[in-house]
There are 2 protein chains.
Amino acid sequence: MLTRSEEDHLKAVYALLLEGESALTKDIAQRLRTKASSVTDMLKKLADKGLLKHEPYYGVKLTAKGRGHALQLVRRHRLWETFLVQRLGFGWDEVHDVAEQLEHVADDKLTDRLDDYLGKPGFDPHGDPIPDRKGRIRERKTQRLSVCQAQDCVRIAAVSETTDGLLRLLDAKGLRIGTQLVVLEVHPFDGSMDVKPKNGAAFSLSKDVSHHLQVEPV
Amino acid sequence: MLTRSEEDHLKAVYALLLEGESALTKDIAQRLRTKASSVTDMLKKLADKGLLKHEPYYGVKLTAKGRGHALQLVRRHRLWETFLVQRLGFGWDEVHDVAEQLEHVADDKLTDRLDDYLGKPGFDPHGDPIPDRKGRIRERKTQRLSVCQAQDCVRIAAVSETTDGLLRLLDAKGLRIGTQLVVLEVHPFDGSMDVKPKNGAAFSLSKDVSHHLQVEPV
DNA sequence: TGAATAAATTAGACTAGACTAAAATATGGA
DNA sequence: TCCATATTTTAGTCTAGTCTAATTTATTCA
């Protein structure tokens, strides 16, 4: 059994590794809003349990066991998000905090039955893939909106950053999973781009925003 | 915000007070499988927060605020039990432990939406009443099966003790909420009674069992 | 290369929540 | 009333998890 804090650290490592680069002590601390010294202690504990390898100044690598645990956390988180949106009528931008709590209820039978009940969904309301009971993830061929060119026609497939601020901004502009866009123009000066949703007026998106939108070709 | 341990203590007090008598430090410790000295500390903390009054050797009394908190815990517990049985297909005798975890996810919006989603049920799968969002409880006129007489026709309305052992025994005998019974005979010697379910053969129940079955007249 | 900087760890303190053992306090029967 | 017993509290210890401050270790750039 992992404690809540151990689970939080494991998930942070997993998320940082996914976002590319390496997971350094300070990165983990920043993400969990704690101090590096606290993270040092926890990494030692997780390494002792065989969930990860830690090389100072280089980063953390998950073992197969650690990755498995992390994937189960992600699975539970995304299944609950799906439940909250699909069944309880929550907005996709208001489910993160509650799912953060529900994900720590560890009971395989519960998780599997919830999965069945929801129809074994492959993706959550943010468009992120939901690992199956064995931790397998369905792939999708998407790219960041920020790397698209003028004239590209795309559909929003996922949002890779789930802060309240970004989610609300997207909501205000009518951008959600499935929304289709045409890229009108890209401004190399600041990386901003003008886009036009299928059913709406054109507007501009900063690079900070377009960087976090995963899109698939239409 | 209450911590998990504070919530557990509050719930233990509430449950003990319901079961009649008073809630003594040692009773709470016994129920939570901790020591009396630990309970002393926690009662002090809860008293400081205005959730209860404690008079040594006499017992604990909940304040209105404390009772309100306890009722919200009970509400969440029973709503989740209902969800697990009604929607996820769990047996009514296997949901207690999971609900014990889910009840600590405190989010009013989640609770209220779950309530709506389940159709605002008045009673959980064990037949226990579910407090509404204001903590109000629907009453029912039931009595213990153990006080019934020969010839009484009753329906099982609730099980007042939810240990795995009892629940499994009931399950094995085909006794569940809603099952109708005729009391054939009561043996004053040991308090056991012979009963016959509506659709089944007669058998005998010990007083330990009949004491925990709440029934309503048919 | 070596000094400045960034990252990480160590040392030590603190809190919450549990424990044991001992002391204090109340109860109840003779 | 008074003693034996049950209950409760107190005092002190322990662990998990966090923190700050100080120190160590690595990296980088002039």
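Proteins come first, then strands; the chains are lettered A, B, ... in the order of their sequence lines, and each starts at number 1. Predicted, not measured: the structure shown is a model, and the values here were computed from it.
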Can you tell me if [X] has over 12 outside heavy atoms packed within less than 6.0 Å of its [atom1]?
| X | atom1 | value |
| --- | --- | --- |
| B/K53 | NZ | no |
| A/E100 | CD | yes |
| A/K44 | NZ | no |

Are the side chains of B/L10 and B/L51 in contact, using a 4.5 Å heavy-atom criterion? yes
Is any side-chain heavy atom of A/D164 less than 4.5 Å from a side-chain heavy atom of A/H96?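 In short, these two side chains do not touch, never coming nearer than 4.5 Å.
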Test the A/R87-A/Y117 pair against the cation-pi criterion, namely NZ or CZ under 6.0 angstrom from the six-membered ring centroid and within 45° of the ring axis.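 Yes, a cation-pi geometry.
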Is the terminal nitrogen or CZ of A/R113 (NZ for Lys, CZ for Arg) located under 6.0 angstrom from the six-membered ring centre of B/F90 and within 45° of that ring's axis? yes
In whole angstrom, what separates [X]'s [atom1] from [N]'s [atom2]?
| X | N | atom1 | atom2 | answer |
| --- | --- | --- | --- | --- |
| A/M42 | D/dT15 | CE | P | 16 Å |
| A/L43 | D/dT18 | CG | P | 12 Å |
| A/R4 | D/dT18 | CZ | P | 11 Å |
| B/D41 | C/dT15 | CG | P | 15 Å |

Report each atom pair, protein N/O against N/O of nucleotides 22-30 of chain D, whose distance is under 3.5 angstrom.
residue, atom, partner, partner atom, Å
D/dT25, O2, A/Y57, OH, 2.6

Enumerate the residues from residues 23-40 of chain B whose closest heavy atom to DNA chain D is under 4.0 Å, giving them by residue number; use none for an empty result.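 Here the set is B/L24, B/T25, B/K26, B/A36, B/S37, B/T40.
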Is it the case that B/D190 and B/S192 place a side-chain donor and acceptor less than 3.5 Å from each other? yes
If only side-chain N and O atoms of A/H54 are considered, is one of them under 4.0 Å from the OP1 or OP2 phosphate oxygen of C/dT9? yes
For D/dA16, does either OP1 or OP2 sit under 4.0 Å from a side-chain N or O belonging to A/S5? no
